[in-house]
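For reference, the structure is listed below as structure tokens.
Only this structure's heavy atoms are used, side chains among them; waters, hydrogens and symmetry mates stay out. So you know, we letter chains A, B, ... as the sequences are listed, proteins then strands, and number each from 1.
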Number of protein chains: 2
Amino acid sequence: MTEQTAPTTAAGEPATPRGEQTRQLILDTAMRLFRERGYARTTMRAIAQEAGVAVGNAYYYFGSKDHLIQEFYARSQVEHRAAAQPVLDRESDFGPRLAGVLHAGVDVLTPSHGFAASFFKTAAEPTSPLSPFSEESSAPRQAAIDLFAEVVAGSTAKVDAELRPQLPELLWLAYMGVILYWVHDRSPGQAKTRQLIDGAVPLIDRLVALSRLRVLRPVTRQVLDLIRTLRH
Amino acid sequence: MTEQTAPTTAAGEPATPRGEQTRQLILDTAMRLFRERGYARTTMRAIAQEAGVAVGNAYYYFGSKDHLIQEFYARSQVEHRAAAQPVLDRESDFGPRLAGVLHAGVDVLTPSHGFAASFFKTAAEPTSPLSPFSEESSAPRQAAIDLFAEVVAGSTAKVDAELRPQLPELLWLAYMGVILYWVHDRSPGQAKTRQLIDGAVPLIDRLVALSRLRVLRPVTRQVLDLIRTLRH
DNA sequence: CGCCCTTCTTGAACGCGTTCAAATAAGCTC
DNA sequence: GAGCTTATTTGAACGCGTTCAAGAAGGGCG
């Protein structure tokens, strides 16, 4: 009652469509149940019942159960960006910046490790719009890549001129690798994923530094050519 | 009628249990339908009907629809091994051996690209027994790793002593990466995956050679330590 | 208010993967 | 062959994600 119910702005388009509250209600309920019971054991009927709506109503807002996950991704991405801010403000060296951002990503996801693992498969399906490589995910993906662009741009590291434009996407790819490991990581608190980050970052740091060496120029170019070829 | 029906060997255990024919029939039917219609659009009812058995009978032999895929993996692995044999016989240099084996793997999978992509997600799920990292897949995984061990063992390449025992598994991991790319590869005939192999193999070759250099010893060790730590 | 159009909501129904108690066939021992 | 045990086969039934025809609720306009 205290909330405004679907006001219409002076402009033609409604600021918040009527169903926005219902949408959020369903989404919040779904996330809660996913966390409580896991993805597979949370039924659409249960989500609808707990949210106090009909099953079909959930499908009015979300095309499928999988689409609820896409919302989860979007939320996580925003959280990741926020969690990374202090690191970006504080650090100026490339290594610590990268490590901080990677750790921030894992930090954000940690509470969801249990159920994130169970629906990870959906994201891995190439034909799925949920794939991180898909057209439909291009917005959150680009946001993530931009985050790594900030890691590079704000650092004092000197990067090979040819490597520089490719680097953010490569770092994002490395992040996807970290996530892949994290999903499979059954160590307590996913401690091994932390070790992976702390072990891999110095290597990446060194690799980036080495790419400028005259001797390694041909190799650098060879790698970059390959990557450019393989990109769609 | 011309076939032997469930003979019993002199030893206690039956060479072919009675249901083996039914099992193979269901499996062959399933593979045919997967190829014809894709994984998702092939129903268990359709498999059973085409094979001329009841639905429940399929579940007597295969715990789930996903388990049919596991059989597909096992078959593919055997085919891969066979397809790699000529390369292993012919080549003695590390690079060509590795490239040949990787290409052989893709060769074997190519006819199934359409439906392999659609069920790839099941393999990616960490909790699934179908995951290439899972306990249940350890037999076919080990067979695959052994194949890469042959790539190394039979080659004239000199490999760093510390790297050598880890190398087969690392190459298998690289192969998994190739498969991951292949699954997402929509270029005609998956030509880009071929480019990936041809581009990556020289790099791997060079990296392996470099690992013996005294200057790079610390880095090599650092990488290997990290890998050992991360392995479960 | 009465009318119309859009947005939202409902729940029964469909097809799917999967389960399971019951029925049947096969082999073994006497 | 009779009886027993194990291996195999059946198909109805369950719960799930999803669809969709039907209706309810708003809001704009005369």
Next on the checklist: With hydrogens left out and only the distance checked, is there a donor-acceptor pair under 3.5 Å joining B:R45's side chain and the base of C:dG17?
Outcome noted: yes
Next on the checklist: Both A:Y39 and A:G56 contact DNA chain D. Which one's nearest nucleotide lies toward the 5' end?
Outcome noted: A:Y39
Next on the checklist: Nearest to the side chain of A:V55, heavy atoms from C-beta on, is which of C:dT10, C:dG11, C:dG17?
Outcome noted: C:dG11
Checklist entry - Counting only heavy atoms not in B:Q49, do more than 12 fall under 6.0 Å of its CD? => result no
Checklist entry - What's the NZ-P distance between B:K65 and C:dC16, to the nearest Å? => result 9 Å
Checklist entry - CG of B:L68 versus P of C:dC16: gap in Å, rounded? => result 16 Å
Item to check | Length of the line joining A:Q49:CD and C:dG11:C1', which is rounded to integer Å | outcome: 13 Å
Checklist entry - Over how many whole Å does the gap from A:M44 atom CE to D:dT19 atom P extend? => result 10 Å
Item to check | Ion pair check, B:D185 and A:R231, cut-off under 4.0 Å | outcome: no
Item to check | Candidate nucleotides C:dG17, D:dT9, C:dC8, ranked by approach to the side chain of A:Y60 - the nearest | outcome: C:dC8
Item to check | Whole-Å gap separating P (C:dT19) and NE2 (B:H67) | outcome: 10 Å
Item to check | Rounded distance (Å) that lies between atom C1' of D:dT8 and atom CZ of B:R23 | outcome: 14 Å
Item to check | Shortest side-chain distance from A:T22, nucleotide among C:dT9, D:dG26, C:dG17 | outcome: C:dT9
Next on the checklist: Measuring to OP1 and OP2 of D:dT8, would you say a side-chain N or O of B:N57 lies under 4.0 angstrom away?
Outcome noted: no
Checklist entry - Side-chain N or O of A:Y61 less than 4.0 angstrom from OP1 or OP2 on C:dT9? => result yes
Item to check | Closest listed nucleotide, where the reference is the side chain of B:V53 and the choices are D:dT18, C:dT18, D:dT10 | outcome: D:dT10
Item to check | Listed once per pair and sorted, the side-chain hydrogen bond (donor to acceptor under 3.5 Å, both in side chains) pairs that draw on residues 33-45 of chain B, sequence neighbours left out | outcome: B:R32-B:E36, B:R35-B:S112, B:Y39-B:D66
Checklist entry - Rounded to the nearest 0.5 Å, what separation is found between the CD1 atom of B:I197 and the OG1 atom of B:T193? => result 7.0 Å
Checklist entry - Hey, which of A:F115, A:F34, A:F62 is the one that makes ring-ring contact (aromatic ring centres under 6.0 Å, His included) with A:F72? => result A:F115
Checklist entry - B:I69 has an atom CD1; how far is it from atom C1' of C:dG17, in whole Å? => result 13 Å
Item to check | Touch class at under 4.0 angstrom, heavy-atom based, for B:F62 against every strand present | outcome: nothing
Checklist entry - At under 4.0 Å, does any side-chain N or O of A:Y59 touch on OP1 or OP2 of D:dT18? => result yes
Item to check | Between C:dG17 (P) and B:L33 (CG): distance, integer Å | outcome: 12 Å
